[in-house]
Amino acid sequence: MTSAKSHFQLHPIQAFNRIGEENAFAVLARAAALAAQGRDIINLGIGQPDFSTPAHIVEAAIRALRDGHHGYTPSIGIEPLRVAVAADVHRRFGTEIDPGRVVIVPGGKVTMFSAILMLGEPGAEILYPDPGFPIYRSMIEFTGATPVPVPIREENGFGFSAEEALALITPRTRLVILNSPANPTGGVTPKAEIDAFVAGLEKHPHVAILSDEIYDQFLFDGEQHTTLLAYPEIRDRLILLNGWSKTYAMTGWRLGWALWPPGLFEAARKLAVNAWSCVNAPAQYGALAALTGPQDCVAEMVAEFDRRRHLVVAGLNALPGVSCAVPKGAFYAFPNIRGTGWTSAKKLAAALLDDAGVATIGGPDFGVFGEGYIRLSYANSAENITRALERMGAFLNEARAA
């Protein structure tokens, strides 16, 4: 007996047609596929430290498993970890925060997702940096809110412009997203700009702020991080995003933390209960060891990134048609490729991968103002960076000759 064939097709709700992606993972998959074919691929695309998680952090997680930490934890995270987050903030910035408003989450993206989901809806506007982390715009569009890009310009050192951002705020604006040090540009927003932005927000009491400070310890050339936590006048509408992925080379552990203002904390807690219950228990004990243990591992990693930064900037500026501003933070370079003759940065990035064996990300994957640039992550060895730059130079010279 044969059953009638169904012609019914499942479709997600309309909002899923608006949701985007993070193309770095698509490039990673393409690079892996080429490597599986026997190609020698140098990956300067993905933004994750190429260091191992420090041993004392790994051992703390293993010890937690052996000690029987196998069950659920509170949805907002174990109390010792939330207390340690508050203590770390005080140690580094001299700022007091309430551990009771800290939420431990499975990765930094979760805080973006939560904040935009809470504040985005049709008719609302959300400002975000462009070029910027692609999930900002993706989530804004998913909620039906209108994404409003704040241009991040090379002539400003790829820093956030308070004047431009404040001029874009309307009565419909619900949220402004800041990111410094920044992905993909490596830009660091000067304190004077943040001072001006916070002062200007006094005229817009209806606007919340999401400050993405995940790269706050990756600073070079004497730059100091200006945390939005330093401004008590906006504390009641500030959402702070941070975590362990970059600072302690823990990308695969999926650990982040957020500080929520009183008016949104309960919504964040309920979202945690509904969406992920709690974060992996032993991973939280690893995160506790990261904050309370020795910090020399962070300093050593940042020093190595600094050495690579000089190498990659010098190498990029030696390439035909390429100019690269010196990044002051994170571990990305965002070279201007307009002089190469390539009018599509994404096509150049694809050609560099397919023809030269170097994975990079096209600037438009980070927003409409990213055209004319590509992103390179220098979270790779100095040897591989040198080889990659040699390949890029040979490719660009051959393309010009052709």
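What you see is a predicted model; the values in this text were computed from it and never measured.
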Margin query: Please confirm whether the ring centroid of F305 lies under 6.0 Å from the ring centroid of Y332.
Written below: no
Next item on the list: Before giving the answer on side chain to side chain donor-acceptor pair (under 3.5 Å), spell out for T73 and Q284 the whole-Å C-alpha distance, their side-chain angles and the decisive distance to 0.1 Å.
Entry: CA-CA 9 Å; T73 76; Q284 292 188 63; 3.0 Å; yes
Note to self: Measuring centre to centre across the rings, with the benzene-like ring taken for any Trp, is Y215 within less than 6.0 Å of F331?
What the structure shows: yes
Next item on the list: Enter the distance from L264:CG to I239:CD1 here, rounded to the nearest 0.5 Å.
Entry: 5.5 Å
Item checked: Steps toward side chain to side chain donor-acceptor pair (under 3.5 Å) verdict (N183, R375) -> CA-CA 9 Å; N183 175 14; R375 189 192 79 173; 2.7 Å; yes
Next item on the list: Go through L81 and L291 one step at a time and tell me if the side chain to side chain contact (heavy atoms under 4.5 Å, CB included) criterion holds.
Entry: CA-CA 8 Å; L81 182 54; L291 294 181; 4.2 Å; yes
Next item on the list: Quick one: pull up CG in N242 and OG1 in T227 and give me the separation to the nearest 0.5 Å.
Entry: 8.0 Å
Check: Going through the distances and angles, do D216 and R92 end up as a salt bridge (Lys or Arg N to Asp or Glu O under 4.0 Å)?
Finding: CA-CA 10 Å; D216 69 347; R92 294 194 293 122; 3.0 Å; yes
Notebook entry, point to check: What distance do E164 atom CD and L168 atom CG have between them, rounded to the nearest 0.5 Å?
Noted result: 7.0 Å
Next item on the list: Check whether any side-chain N or O of W260 sits under 3.5 Å from a backbone N or O of R101 as a donor-acceptor pair, and report yes or no.
Entry: no
Item checked: Donor-acceptor pair, side chain of H70 and main chain of L65, under 3.5 angstrom -> yes
Notebook entry, point to check: Above 12 or not: heavy atoms from other molecules or residues under 6.0 Å from CD of E266?
Noted result: yes
Notebook entry, point to check: Where do R237 and V207 land on the side chain to side chain contact (heavy atoms under 4.5 Å, CB included) test, with the steps shown first?
Noted result: CA-CA 8 Å; R237 48 182 167 145; V207 175; 4.2 Å; yes
Next item on the list: Report the distance from atom OH of Y128 to atom CD1 of I116, rounding to the nearest 0.5 Å.
Entry: 10.5 Å
Item checked: T170 and E125: CA distance, side-chain angles, deciding distance, side chain to side chain donor-acceptor pair (under 3.5 Å) verdict -> CA-CA 8 Å; T170 75; E125 296 175 349; 2.8 Å; yes
Note to self: Surrounding CD of E233 (heavy atoms of other residues, nucleotides or ligands, distance under 6.0 Å), is the total greater than 12?
What the structure shows: yes
Note to self: Tell me whether R391 contacts the main-chain N or O of T386 through its side chain, where contact means a donor paired with an acceptor under 3.5 Å.
What the structure shows: no
Checklist line | CA sep, side-chain torsions, deciding dist, call: Y136, D130, side chain to side chain donor-acceptor pair (under 3.5 Å) | finding: CA-CA 10 Å; Y136 302 146; D130 183 339; over 6 Å; no
Note to self: Between F158 and F334 (judged by ring centroids, cut-off 6.0 Å), do the two rings come close enough to count as a pair?
What the structure shows: yes
Margin query: I'd like to know if R82 and D98 make a salt bridge, using a cut-off of under 4.0 Å between side-chain N and carboxylate O.
Written below: no
Notebook entry, point to check: Is the H11-F16 ring centre distance short of 6.0 angstrom?
Noted result: no
